[in-house]
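Each remark here refers to the structure printed beneath this line.
Being a predicted model, the structure only gives us computed values, none of them experimental. Numbering starts at 1 and runs along the sequence shown.
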Amino acid sequence: MKSHDIRAVFFDVDGTLTSFTTHEVPASTITALQRLRECGVLVFICTGRAPSQFEVVARMLPVEFDGIVAANGQYCFNAQGFLDTRPIDGDDVAVIVDWLDRNPDVVATFSECDYVYFNRITPAMEATWNQLGKTAPTRFVDDPHTRPFTHETFQISPFITPEQEAELVGLCRNVTGVRWHPDFTDMIPADGGKPRGIRCFMEHHGFSREQTMAFGDGGNDMAMLQFAGVGVAMGNANDEVKAVADYVTDDVDHDGIMNALLHFGILQ
């Protein structure tokens, strides 16, 4: 297929760069990332993970990224000192903490820049966390009644149903939920999201929206796939994600990233 004028490619992590089956980054994916850089194409991480939670994956990626979009677009940075952040409003944090107090069985993570903690640990949460295998970050427990009011919180991820999510979002002034796992949702500012992170680096580097490509597999990737010039859904994505993509590639374990880059002529 004729090559698109792509200057930057944004990659989700879990289920896109890393496999939920092997908990590894496929060799073909590492090769694809390296070849993109050799061709002068900028490569970015675009993940729901907080910056501190990306380190466990970074060790499996011998690639220098041009920037990281973390916390679903709320914390963007690069190795040269670029930084753009958008924390959750303190009033909305207070509403969420109050709701958690009234629903004491609900577990949630609170994502700061360099620290992510749970309000509590439960067996159900541990079962979900263990699905990440060796890509699961270290777990910490802390008090959400104190830290969010002395530290900026970029994302809160409660283990709740879609119905509970709708209830909680309705109580907040400027919060939305983006869900990449059936067991929990990532709550972020309603005017945030992964497209916000892409725009940050568009402005910083001077490339256009049409010159971007994005790869993802989860519900929190849908807006990113729709926003990018070319949005690619992994073969392991669900049908809802595939429906908004420009192209559906093979799954992560069958060279999905490399195959899509070859299909579009980004790599030869």
Side-chain angles (χ1 to χ4, degrees), residues 1 3-39 41-49 54 57-58 60-61 63-73 76 135 178-181 186 193-202 207 209-267:
M1 186 172 181
S3 174
H4 289 241
D5 177 27
I6 298 299
R7 289 189 52 197
V9 187
F10 292 79
F11 297 93
D12 172 54
V13 172
D14 298 288
T16 299
L17 289 179
T18 63
S19 165
F20 285 124
T21 303
T22 67
H23 307 296
E24 300 276 356
V25 178
S28 66
T29 295
I30 293 173
T31 299
L33 293 169
Q34 293 170 335
R35 287 181 58 189
L36 284 173
R37 288 192 56 83
E38 291 168 0
C39 293
V41 177
L42 302 175
V43 293
F44 297 89
I45 292 294
C46 202
T47 179
R49 291 177 179 242
F54 176 63
V57 177
M60 296 189 289
L61 288 163
V63 178
E64 180 182 350
F65 287 92
D66 294 286
I68 308 292
V69 176
N72 282 304
C76 305
T135 66
V178 288
R179 185 179 290 263
W180 63 270
H181 192 284
D186 294 333
K194 291 189 176 186
R196 178 194 178 277
I198 295 175
R199 283 193 294 267
C200 285
F201 284 110
M202 281 170 49
F207 53 80
R209 175 177 176 178
E210 291 72 25
Q211 293 173 312
T212 65
M213 188 175 194
F215 287 81
D217 73 297
N220 63 333
D221 296 318
M222 291 172 65
M224 172 178 74
L225 299 185
Q226 291 173 301
F227 179 83
V230 179
V232 179
M234 303 301 291
N236 45 280
N238 64 38
D239 290 341
E240 187 178 25
V241 178
K242 292 176 180 177
V244 303
D246 298 300
Y247 181 70
V248 178
T249 188
D250 300 296
D251 66 48
V252 61
D253 294 303
H254 292 88
D255 308 323
I257 287 176
M258 176 66 86
N259 290 344
L261 293 170
L262 293 172
H263 170 81
F264 283 102
I266 313 303
L267 297 179

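- A 4.5 Å side-chain heavy-atom check between Lys194 and Asp12 finds at least one atom pair inside the cut-off.
- Side-chain contact between Leu33 and Phe65 is present, with at least one heavy-atom pair separated by less than 4.5 Å.
- Across Ile257, Thr18, Thr16, a single residue satisfies side chain to side chain contact (heavy atoms under 4.5 Å, CB included) together with Thr29, and that is Ile257.
- Note that CE of Met224 is 9.5 Å distant from OG1 of Thr47, once rounded to the nearest 0.5 Å.
- Using a 4.5 Å heavy-atom threshold, the side chains of Pro195 and Gln226 count as separate.
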Inset, instruction - Evaluate the side chain to side chain contact (heavy atoms under 4.5 Å, CB included) criterion for residues Cys39 and Leu267: first the C-alpha distance (whole Å), next the side-chain angles of each, then the deciding distance (0.1 Å), finally the verdict. - result: CA-CA 8 Å; Cys39 293; Leu267 297 179; 4.0 Å; yes
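- Side-chain contact between Val9 and Leu36 is present, with at least one heavy-atom pair separated by less than 4.5 Å.
- Across Ser19 and Asp253, no two heavy atoms sit closer than the pair OG-OD1, 2.7 Å.
- In this structure, CG on Leu17 lies 7.5 Å from CZ on Phe54, to the nearest 0.5 angstrom.
- Ring geometry, Phe207 versus Phe44: the interplanar angle falls from 30° to 60°, so the pair is classed tilted.
- The closest donor-acceptor contact from the side chain of Arg37 to the backbone of Glu64 lies under 3.5 Å.
- Contact record, Val41 with Asp66: O-OD2, 4.4 Å, taken as the closest heavy-atom pair.
- Not a single donor-acceptor pair under 3.5 Å links the side chain of Arg7 to the backbone N or O of Gln211.
- Annotation: side chain of Arg35 is in contact with side chain of Met258 (closest heavy-atom distance under 4.5 Å).
- Under the side-chain contact (heavy atoms from CB on, under 4.5 Å) criterion, Asp255 pairs with Ser28, Asn259, sequence neighbours left out.
- Ring geometry, Phe201 versus Phe10: the interplanar angle falls from 30° to 60°, so the pair is classed tilted.
- In this structure, CH2 on Trp180 lies 7.0 Å from CZ on Arg49, to the nearest 0.5 angstrom.
- Taken from CE in Met213 to CG in Asp5, the straight-line distance is 12.5 Å, to the nearest 0.5 Å.
- Around atom NE2 of His254, no more than 12 heavy atoms belonging to other residues, nucleotides or ligands sit under 6.0 Å away.
- To the nearest 0.5 Å, atom CG of residue Leu225 and atom CE of residue Met222 are 8.5 Å apart.
- Between Val241 and Gly219 the shortest heavy-atom distance is CG2-N, 3.9 Å.
- In this structure, Glu24 CD and Ile30 CD1 are separated by 8.5 Å, a value rounded to the nearest 0.5 Å.
- For CD of Glu240, the number of neighbouring non-hydrogen atoms (other residues, nucleotides, ligands) closer than 6.0 Å is 12 at most.
- Asn236 contributes a side-chain N or O that, together with a main-chain N or O of Gly15, makes up a donor-acceptor pair within less than 3.5 Å.
- The ring pair (Phe, Tyr, Trp, His ring centres under 6.0 Å) search around Phe227 returns none, not counting sequence neighbours.
- For Phe11, the ring pair (Phe, Tyr, Trp, His ring centres under 6.0 Å) test picks out Phe215, with sequence neighbours left out.
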